[in-house]
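See below for the structure under consideration.
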Amino acid sequence: MKAAEIREKFLSFFESKGHTRVRASSLVPGNDPTLLFVNSGMVQFKDVFLGTDKRAYTRATTAQKSLRAGGKHNDLENVGYTARHHTFFEMLGNFSFGDYFKRDALKFAWELLTEVYKLPKDKLWATVYAEDDEAYDIWHKEIGLPADRIVRIGDNKGKRYASDNFWQMADTGPCGPCSEIFYDHGPEVAGGPPGSPEADGDRYIEIWNNVFMQFDMQPDGSLIPLPKPCVDTGMGLERLAAVLQHVHSNYEIDLFQALIKAAARETGCADLENNSLKVIADHIRATAFLVADGVIPSNEGRGYVQRRIVRRAIRHGYKLGCRKPFFHKLVPDLVAQMGEAYPEIAEQQQRIMDTLAAEEARFFETLEHGMSILDGALAGGVKTLDGEVAFKLHDTYGFPLDLTADVGRERGFTVDEAGFNAAMARQQEASRAAGKFKMDRALDYSGAATTFHGYDKLVIEGAKITALYVGGTEVAEMKAGDSGVVVLDNTPFYAESGGQVGDVGVLTNAGAEFAVQDTQKIQSTVFGHHGTLTKGALRKGDALTATVNGAVRAATMRNHSVTHIMHKALREVLGSHVQQKGSLVDADKTRFDFAHNAPMTDAQMREVEAKVNAEIIANSSTLARVVPMEDAQKLGAMMLFGEKYGDEVRVLDIGTSRELCGGTHVERTGDIGFFKIVSEGGVAAGVRRVEAITGMNAVNWVQRMDAAVGEVAAALKAQPTELVARVAQVQDQIRLLEKELAAAKSKLAAAQGSDLAGSAVDIKGIKVLAARLEGADAKTLRETMDQLKAKLKTAAIVLAAVEGGKVQLAAGATADVMGRIKAGDLVNFVAQQVGGKGGGKPDMAMAGGTDAAALPKALESVRSFVEERA
């Protein structure tokens, strides 16, 4: 029974028992800061179990993609070396949300295993929590499992409820006993039954765990029964497939064997038992599914884990002798195996391949050099790799520490982690020193918070000064000409945040004027107005009128508001993997960085522009509201990776976009005016950048482009609407003229060749010629060389041309003299005298130089070169 059939039989069985088949969630947990990745089937139902979410169903079944390669659940270093460790795995599960409980859960499991999958009943064992008599009786009295194959598992080290068979979501909250089902591989495999001293052996393998959420754990350790007990089960597809396919290792199941064979094909490894092939087969699953869920290789967070997995796979390919990108070529094989069950990888196959190929190319550039450094450091049988070397590999060659340690496990050396950490600390200190200008500007403030009024006001009167700073130091008074920071108790000035730059404007009273050039947060709720006092004096406690520059603010708001709409349009046009990676919004433009691994086409940019401008034309109202985070999640507001949100958040609706944002925005989408993308390009691996403009900036840009088109049309004597055809016509004319010029140069070369042949001198039977050709290009030099070699029969020739101060050289030698004089050596000899170097084949070679003045003497030296070797 193949893995795909096993998966489908599981889901279909539970559908027949009244369960709703629920699609697997993304590997990236939805708004769950406690997890790096989804690591079990229950994660997408966590809020249901906690009672904060309700579904239309009370029974569910899933095949959930899961990943354990970072944080608490990290199996990475064991992958490929054990029978059952994986980064990516599939968890089959059935769930009851206050519906059925232990009896049905265990009977469902027994029926599926013995009647659908046809597992021998005498091969199955069960464990229960020591105090769970109910589960024990269900197994023994109702299902009929013999008592000697039901194991009670007690508490560890005498600590209450600290048992492998007692599950807790956290220190407090939902918890309860669990019952695990084991398969006995037989006496020929070492190991004892669960709960025995030999339980770590491979004879008895856990295949299914049934968790019974029965209690609410209190802070004092007591248990209160839950009003609606729930069931959460999980069975690893890979483990079950190994049992049903009668193999001992997960890597022997059909799914993995197909990927191992694909890895062998691409790396040229004939040994299908090689552990490196297992690593590669495992890692292609993890990395491909991560890309499909929007995680691209990077140097931080989830992207860093992704990069580690990709590079570990590449390193294992390198270990097998593969010296060119291969990993991305396994994606079609993965799609063939899993694309039907998980259509997201089939739909994004090319994007996944492109992302992995880009990361491979980047790493292969440095891998060989890095490995040579590692080999050199280990010469002489070194058993501990110096921490400085490990850090150099990390910092310069992109080798994560755990990748170096991985090599160490294979070669029998350890890494001086203390030395590595010390080197890392020094670099971080140097980085802090490099950024000391900003650090020195951190202001010591202990006064009241600033109240922000800028959402609906641009002017505030009677704002009081709570602090003044000059040169980073708090002062009692600021005098005319001083540059510094003014802190107010109330302000309409927006402080830079969320990509939107700080406001500019003026602070005034009867005798003073302070020009605000920027507004920054000193603390999360304290705004600093940076600028220069142009008139009068200011003292702490003075009252000021704070006035924001309305024109600059309006332009900035247009650009910020359109960023939200553009983000949504990018996701609609390019795919849901698009995620914001950074932004800068000011009065001139919006600059938006986002996850995507290919340049946008002209058609895609036009489609984004059309979608955004359609939202602008719709002129819908902007709605901002502050709501609890829970409510924002229910509203479907988009939240950004890496952003920190409080208990209450500001949800912003602009057009059809809904995101969390604290910035200032237009009242209606029509206020944006007009939207135009002006540039698109890459800024990092898998990250693109779009710059766009709005309002009069966009109108002015279009007018400038229109004027430029008009000038070009006038120069070409065509109407603007005829430009494309006219340019094509001019290009055809140019190509025709180039052909005529090439033909003329060829004739010139032939004529010069005939003339030059008579200038050759005989040196020991070799015709030697060194000459300059006027107006020749590289093609002409080669053609003339061929004619001269044919005419002179036995010859060594150097031809030169000069254009714009640059020297072009060609050297040739006929077949009968190449044993003594090679064209590559000859051209290099001459090139070095004219400020260049070169080489090539023995019969023909090209080179260049920068010193045209030295050419006559260099050509004269050709005779002596030949005389010495003839």
Side-chain angles (χ1 to χ4, degrees), residues 730-867 869-870:
V730 170
Q731 287 176 324
D732 288 342
Q733 291 173 345
I734 291 171
R735 281 191 285 270
L736 181 62
L737 291 172
E738 285 175 341
K739 284 182 181 179
E740 292 176 355
L741 179 61
K745 284 184 175 180
S746 183
K747 289 180 182 178
L748 175 65
Q752 291 189 72
S754 300
D755 296 341
L756 288 171
S759 303
V761 297
D762 190 299
I763 299 177
K764 299 179 183 179
I766 300 173
K767 298 292 186 181
V768 180
L769 175 63
R772 173 173 171 174
L773 272 65
E774 297 299 332
D777 56 15
K779 184 172 181 289
T780 304
L781 290 179
R782 284 192 295 268
E783 290 177 352
T784 306
M785 178 68 68
D786 291 340
Q787 293 170 5
L788 288 169
K789 284 165 69 176
K791 195 173 186 78
L792 296 174
K793 307 298 184 188
T794 300
I797 306 165
V798 175
L799 300 177
V802 178
E803 184 176 357
K806 303 289 185 181
V807 178
Q808 183 75 35
L809 297 169
T814 53
D816 52 350
V817 303
M818 285 190 297
R820 293 167 287 171
I821 300 166
K822 292 181 173 54
D825 296 337
L826 178 55
V827 80
N828 190 47
F829 170 74
V830 177
Q832 287 180 348
Q833 299 177 62
V834 294
K837 60 180 180 179
K841 296 179 180 179
D843 63 329
M844 176 69 183
M846 304 288 291
T850 57
D851 187 0
L855 182 60
K857 188 175 180 181
L859 293 175
E860 288 177 11
S861 70
V862 171
R863 292 187 184 186
S864 61
F865 181 91
V866 175
E867 283 177 346
R869 293 162 177 77

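The model shown is predicted, which means the values in this text are computed figures rather than measured ones.
A 4.5 Å side-chain heavy-atom check between Val862 and Val768 finds at least one atom pair inside the cut-off. The shortest distance between side-chain heavy atoms of Asp786 and Glu783 does not fall below 4.5 Å. The shortest distance between side-chain heavy atoms of Phe865 and Ile821 falls below 4.5 Å. Put simply, the side chain of Thr794 reaches to within 4.5 Å of the side chain of Val817, judged on heavy atoms. Using a 4.5 Å cut-off on side-chain heavy atoms (C-beta onward), Val827 and Val798 make no contact. With contacts defined as side-chain heavy-atom distances shorter than 4.5 Å, the pair Lys841/Asp843 qualifies. For the pair Arg772 and Glu774, the minimum side-chain heavy-atom distance is below 4.5 Å.
With sequence neighbours left out, Ala800 forms a side-chain contact (heavy atoms from CB on, under 4.5 Å) with Leu809, Leu855, Leu859. Every residue two or more places apart in sequence or in another chain that forms a salt bridge (Lys or Arg N to Asp or Glu O under 4.0 Å) with Asp777 is listed here: Lys745. Take Ser861 and apply the side-chain contact (heavy atoms from CB on, under 4.5 Å) test, not counting sequence neighbours, and it matches Phe829, Gln833, Ser864. Qualifying side-chain contact (heavy atoms from CB on, under 4.5 Å) partners for Leu736, counting only residues two or more places apart in sequence or in other chains: Glu740.
Here the closest heavy-atom approach between residue Leu826 and residue Ile797 is recorded as CD2-O, 4.1 Å.
Although no hydrogens or angles enter the test, the distance criterion places no donor-acceptor pair under 3.5 Å between the side chain of Lys767 and the main chain of Lys789. Of the possible polar contacts, one joining the Thr814 side chain to the Ala795 backbone as a donor-acceptor pair under 3.5 Å is found. In this structure a side-chain-to-backbone donor-acceptor pair under 3.5 Å is present from Asn828 to Gly838.
Using a 4.0 Å cut-off between charged side-chain N and carboxylate O, Asp825 and Lys822 make no salt bridge. With salt bridges taken as basic N to acidic carboxylate O contacts below 4.0 Å, none links Arg863 and Glu867.
For Glu803, the CD atom sits in a loose shell: 12 or fewer heavy atoms of surrounding residues, nucleotides or ligands are nearer than 6.0 Å.
Residues in residues 774-813 take part in no ring pair (Phe, Tyr, Trp, His ring centres under 6.0 Å) pair, two or more places apart or across chains. Listed by first and then second residue, the ring pair (Phe, Tyr, Trp, His ring centres under 6.0 Å) pairs involving residues 766-807 amount to none (not counting sequence neighbours).
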**Request:** Give the C-alpha distance, both sets of side-chain angles, the deciding distance and a yes or no for side-chain contact (heavy atoms from CB on, under 4.5 Å) between Met785 and Met844.
**Result:** CA-CA 9 Å; Met785 178 68 68; Met844 176 69 183; 3.8 Å; yes
**Request:** Assess whether side-chain contact (heavy atoms from CB on, under 4.5 Å) is satisfied between Asp851 and Val807, documenting all intermediate values.
**Result:** CA-CA 7 Å; Asp851 187 0; Val807 178; over 6 Å; no
